[in-house]
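As structure tokens, the structure follows; a few thoughts come after it.
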4 protein chains.
Amino acid sequence: MSMTEQQTLQRLAGIIESRKLANGGNPDSSYVARLFAKGDDAILKKIGEEATETVMAAKDARVSGDSTKLLYECADLWFHTLVMLAQYDLTPQQILDELARREGISGIEEKAARKDELRDRDETKKTD
Amino acid sequence: MSMTEQQTLQRLAGIIESRKLANGGNPDSSYVARLFAKGDDAILKKIGEEATETVMAAKDARVSGDSTKLLYECADLWFHTLVMLAQYDLTPQQILDELARREGISGIEEKAARKDELRDRDETKKTD
Amino acid sequence: MSMTEQQTLQRLAGIIESRKLANGGNPDSSYVARLFAKGDDAILKKIGEEATETVMAAKDARVSGDSTKLLYECADLWFHTLVMLAQYDLTPQQILDELARREGISGIEEKAARKDELRDRDETKKTD
Amino acid sequence: MSMTEQQTLQRLAGIIESRKLANGGNPDSSYVARLFAKGDDAILKKIGEEATETVMAAKDARVSGDSTKLLYECADLWFHTLVMLAQYDLTPQQILDELARREGISGIEEKAARKDELRDRDETKKTD
């Protein structure tokens with residue numbers, strides 16, 4: 001992998017950035033420029049689509065024993081989150097920093113746990 | 001943040017891996033171990049949930065002008081894709097390699113374009 | 001089915017309406033009142049969740065040959081769309097009227113076709 | 001609209017059924033026949049797509065004060081669940097029966113509550 005020095009996500013983010021119409025991206029020749037031209041909803045719809053395709057590929061992987069398609073669909077999902085981040089002027093580094101900031105999995109689990117506790121507290125009684 | 005993206009993702013993947021029941025993960029004390037104990041569907045359901053929350057946070061960001069929640073939700077989405085990758089014995093490096101393999105955005109756009117062309121061909125005539 | 005006179009969706013919509021806090025719904029005893037108390041995002045998140053569970057149950061149905069779980073998950077999805085409609089002061093009858101207004105499937109297909117055509121036009125050239 | 005909800009849904013289901021290839025549906029002229037020709041994944045992907053579009057339209061409705069688009073997107077979501085039901089040889093009447101079988105909202109809330117309780121039990125301790 002020749003990407004060691006120039007990091008993959010950062011590099012992709014740079015190319016995606018260059019596809020913005022303000023940066024000379026051409027919707028006639030670039031899929032990403034076309035997404036930017038269509039705007040927020042077209043990009044967000046892709047998040048829902050690619051998430052669904054990822055879930056379907058994961059179900060298929062258990063039946064076929066082959067996870068190649070799951071890998072592709074997950075790459076598609078990550079790629080379209082990069083387009084979304086660019087659309088909202090965020091960077092993949094900020095996502096990685098947020099993940100690191102939670103001080104490893106313990107911090108993430110604490111956050112997820114707090115979310116669960118709030119939900120649990122909300123949904124304790126349900127006799128109706 | 002002095003870590004490279006590979007380091008951050010690999011470190012997270014390593015901690016997630018350690019939460020597998022076979023590696024001593026304890027569902028009583030760890031959110032991730034609990035997801036592993038529940039199995040495929042619980043993990044895949046989170047992909048759908050976090051994608052929906054990401055889309056909602058993006059819509060909110062346009063109204064509030066603040067994309068902090070979008071950043072958090074996108075981090076949650078990526079985090080749960082890492083759990084899914086571990087569940088299917090895949091690594092984030094394989095996703096990065098796949099993204100790099102497409103030789104930058106051009107390759108990705110070609111792939112997305114081929115997908116579109118197939119769909120376009122399928123859906124050309126629709127008079128019924 | 002004793003529902004022939006009093007129609008199922010209409011009857012469910014009426015009960016859901018009665019769970020609104022303004023109509024005396026009690027979040028301590030009612031799941032639906034609790035959703036209303038939490039607000040838009042909690043309800044919309046359920047749409048994404050139940051859609052994902054429906055997709056997973058459909059994949060499972062092909063493997064097991066049993067579509068019982070798919071039926072349950074689809075009922076859950078419809079039920080939570082009824083809660084959403086109530087939250088936005090819409091009724092299931094308006095959805096049925098919209099479906100009927102499209103004058104049967106031909107009208108619906110025309111609409112879907114127009115959507116496709118717009119997309120096709122947008123995504124014709126993609127050489128980059 | 002003088003049709004009952006059962007009549008509207010049954011009529012739609014009947015037209016959709018007639019679009020199956022085995023029933024003479026023509027993918028060249030019918031959007032639904034084209035979905036059937038593509039198979040399970042194309043249909044299930046639409047569930048994920050339309051759910052995402054419904055959620056986005058609901059967010060927009062709060063900003064614009066106009067829920068017309070939400071109504072359309074929810075109709076699209078229901079329509080594609082009807083196509084899915086046909087694909088899996090299920091009928092909308094079975095969904096209505098399942099909703100009625102839960103004996104009104106109390107039964108549904110009990111079911112949702114049981115689901116929550118199971119989840120709560122699973123996710124009680126999360127200190128890591």
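Here is the naming used below: chain letters follow the sequence lines, and residue numbers restart at 1 for every chain. Just so it is clear, the structure is predicted and the values come from calculations on it, not from any experiment.
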Quiz item: Measuring from C:Lys59:NZ to B:Leu44:CG, what's the distance to the nearest 0.5 Å?
Solution: 11.5 Å

Exercise. Give the C-alpha distance, both sets of side-chain angles, the deciding distance and a yes or no for side-chain contact (heavy atoms from CB on, under 4.5 Å) between C:Asp41 and B:Asp60.
Key: CA-CA 10 Å; C:Asp41 279 13; B:Asp60 290 341; 3.8 Å; yes

Practice problem: Determine whether B:Glu49 and C:Thr52 make a side-chain contact, defined as any pair of heavy atoms from C-beta on separated by less than 4.5 Å. | Solution: no

Self-check item: Atom pair NZ (B:Lys45) and CE (C:Met56), whose distance is rounded to the nearest 0.5 Å
Solution: 7.5 Å

